[in-house]
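Below you'll find the structure, written out as structure tokens, and then a few comments.
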There are 2 protein chains.
Amino acid sequence: MKQIIRDETILNSDLYLRNVAVDNVIFGYSNKELKVLVQQPFSLDKWTVTGGYIKRTETIEAAAKRIAYERTGLKKLFFEQFRSFGTPARNTDAGFNAEHLSKLTGIKVPVDLWIFDYFVSVGFYTLTEFSKVEIKKGELETDCRWWPVNELPKMMFDHKLIIAEALKALRLHIAHYPIGYELLPEKFTLPEIHNLYETILGRSLDDRNFSKRLISAGILVKLNEKKQIGAHRSPFLYKFDKEKYDEGLKSGVVLAF
Amino acid sequence: MKQIIRDETILNSDLYLRNVAVDNVIFGYSNKELKVLVQQPFSLDKWTVTGGYIKRTETIEAAAKRIAYERTGLKKLFFEQFRSFGTPARNTDAGFNAEHLSKLTGIKVPVDLWIFDYFVSVGFYTLTEFSKVEIKKGELETDCRWWPVNELPKMMFDHKLIIAEALKALRLHIAHYPIGYELLPEKFTLPEIHNLYETILGRSLDDRNFSKRLISAGILVKLNEKKQIGAHRSPFLYKFDKEKYDEGLKSGVVLAF
DNA sequence: TGAATAGTGTCTTTAAGACAGTATATC
DNA sequence: GATATACTGTCTTAAAGACACTATTCA
């Protein structure tokens, strides 16, 4: 916050767009767990999804990618715009005001600073394998971490709704497009991708029917290797047929779970 | 334009949000034709979809509805947000500049007026029966009329893309939710709704399979009346079972064309 | 009775869903 | 051989799609 407040350019709002911002729901998956990257701003007791302002020189997609990069250090992520949110009071919340921020930063924050204005937010969601991410907390936040999608902390503004809508969009997406490239290691087993789908959808899927459909979709390549998993039968490793996977991303309608 | 330029409030941009606006693709259907309401601003040779700025006191949905009402006089329309558009140069176009507008209005328009800024646009689409609409042209436009979706005129900005995306979203929507309530008279025949679906989807649908699915979905009520259509067999009239229709709108997945 | 449109039934193919037993790895 | 996990095949049911003839209205 200090940096932002001190920065004349930003105070004058001629670097960033006004009244419109980006919120980026960063989903992380690993080992049967679906989490969201949330941050706690300004020593408040509530959390937000990652988000930020849009530079006058960049597209909204570029803004979302920049913001995700700042937090995760990752550049190649799967992005999807899912909805925009615009209600006059949507970014009004106890604590997020000039008085409180002045106290926190020691710098006089104008009551009518543009960031307190009515902001329309363009929502994106992002997928990543969270065990690989090194979280980089922003200067403005007291904390930034993964939180299970089913046990979210108290969310600020309308961010609970934003996450719910992102999850709905993700679950709709999974039924029409391949998914998993960003969420699984390069080589993975059928039970691993099966767990991924079950976790995202939040319900169990018959393992026989699941492999049947996934294999007949033709986006998997069976490798001549097995994964060692201890005192159990070793599962075969697979990888995605990237060409068919990308084709499925474009033309859609591959699976219907 | 004159009104806007003269209005101090708007010149100062404290009535409307900056850098964010709404574009509303108003689809009109009647008699096997799907059209879009487009307008020609400022005596330019290009056309735009209807759109406008968002008041600081209203939601983006309310802004879209207000704009649709201003053009069509209709209040109860089907609305759907489909995507937002944000590219720095997206609302840059020959003719849409201070010099040209000054010439047109006779009022000195500042080069840096906020309306020339980078605007992120939230896209909505709307459905209506166009034969019932009395178009009300805005003060800023030289013309405003229905144009067949397949023979659009030269579009300004990125509005060709916006219409294409709206149509894609509409076609996706039609496969998962009931449609037609706003597009058909209260009482309609099976061939009429069949034509509606064919027109929106842009392809033919087997009439036997179509009625089979529509009737088994249970959203139609067959009436004890027939429509007189001249020297031909009289088709039965139907109406929507509004309760089941609305339920289908919420819970979705009714038909799959 | 001819012209135009409404209306309907069956068969085939494909996809979805339910379901359980055998195989393998290690200790 | 005990245990934990991988792997696979068949049957049933439902949905999708292809297809063509009869019925009605009225000029």
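Note that the coordinates shown come from a computational prediction; the quantities given were computed from them, not determined experimentally. Chain naming here is simple, since letters A, B, ... match the order of the sequence lines and numbering starts at 1 in each.
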Rounding to an integer number of Å, can you tell me how far [X] [atom1] sits from [N] [atom2]?
X      : N      : atom1 : atom2 : value
A:E225 : D:dA6  : CD    : C1'   : 17 Å
B:L220 : C:dT8  : CG    : P     : 12 Å
A:I193 : D:dC7  : CD1   : C1'   : 16 Å
B:L237 : C:dG7  : CG    : C1'   : 15 Å
B:D206 : C:dT10 : CG    : P     : 16 Å
B:D207 : C:dT8  : CG    : P     : 11 Å
B:F188 : C:dA6  : CZ    : C1'   : 16 Å
B:F210 : D:dA15 : CZ    : P     : 18 Å

Report which part of the nucleic acid A:K227 touches: base, sugar-phosphate, or nothing (heavy-atom distance under 4.0 Å, all strands).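 No contact.
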Test salt bridge (charged side-chain N to carboxylate O under 4.0 Å, His left out) on B:E165 and B:K168; report intermediate values, then the result. CA-CA 5 Å; B:E165 289 288 309; B:K168 208 198 281 180; 3.3 Å; yes
5' priority, DNA chain D, between A:H232 and B:H232 [closest heavy atom]: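 The residue mapped nearer the 5' terminus is A:H232.
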On DNA chain D, nearest-nucleotide positions of A:K222 versus A:I229: which is more 5'?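 The residue whose closest nucleotide sits nearer the 5' end is A:I229.
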How long is the span from the NZ atom in A:K222 to the OH atom in A:Y238, to the nearest 0.5 Å? 4.0 Å
Distance check: side-chain N/O of [X] vs OP1/OP2 of [N], anything under 4.0 Å?
X      : N      : result
A:K226 : C:dA25 : yes
B:R213 : D:dG17 : yes
B:K212 : D:dA14 : no

Given D:dA6, D:dT8, C:dG7, the nucleotide with the shortest approach to the side chain of A:P235: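 Minimum distance to the A:P235 side chain belongs to D:dA6.
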What's the closest nucleotide to the side chain of B:L190 if the choices are C:dG7, C:dT5, D:dC7?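 Nearest listed nucleotide: C:dG7.
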Between A:N31 and A:Y29, what is the shortest heavy-atom contact and its length?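 Taking A:N31 first and A:Y29 second, the nearest heavy atoms are N-CE2, 4.0 Å.
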Which atom names give the shortest non-hydrogen contact between A:K154 and A:D45, and what distance separates them? CB-O, 4.3 Å
Tell me if the side-chain of B:R233 makes a donor-acceptor pair with the base of C:dA6, cut-off 3.5 Å, by modelled atom types.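 Indeed, a donor on one side and an acceptor on the other fall under 3.5 Å apart.
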Donor-acceptor pair under 3.5 Å, B:N209 side chain vs D:dA18 base: yes
Under 3.5 Å, side chain of A:S30 to main-chain N/O of A:F130, donor-acceptor pair present? no
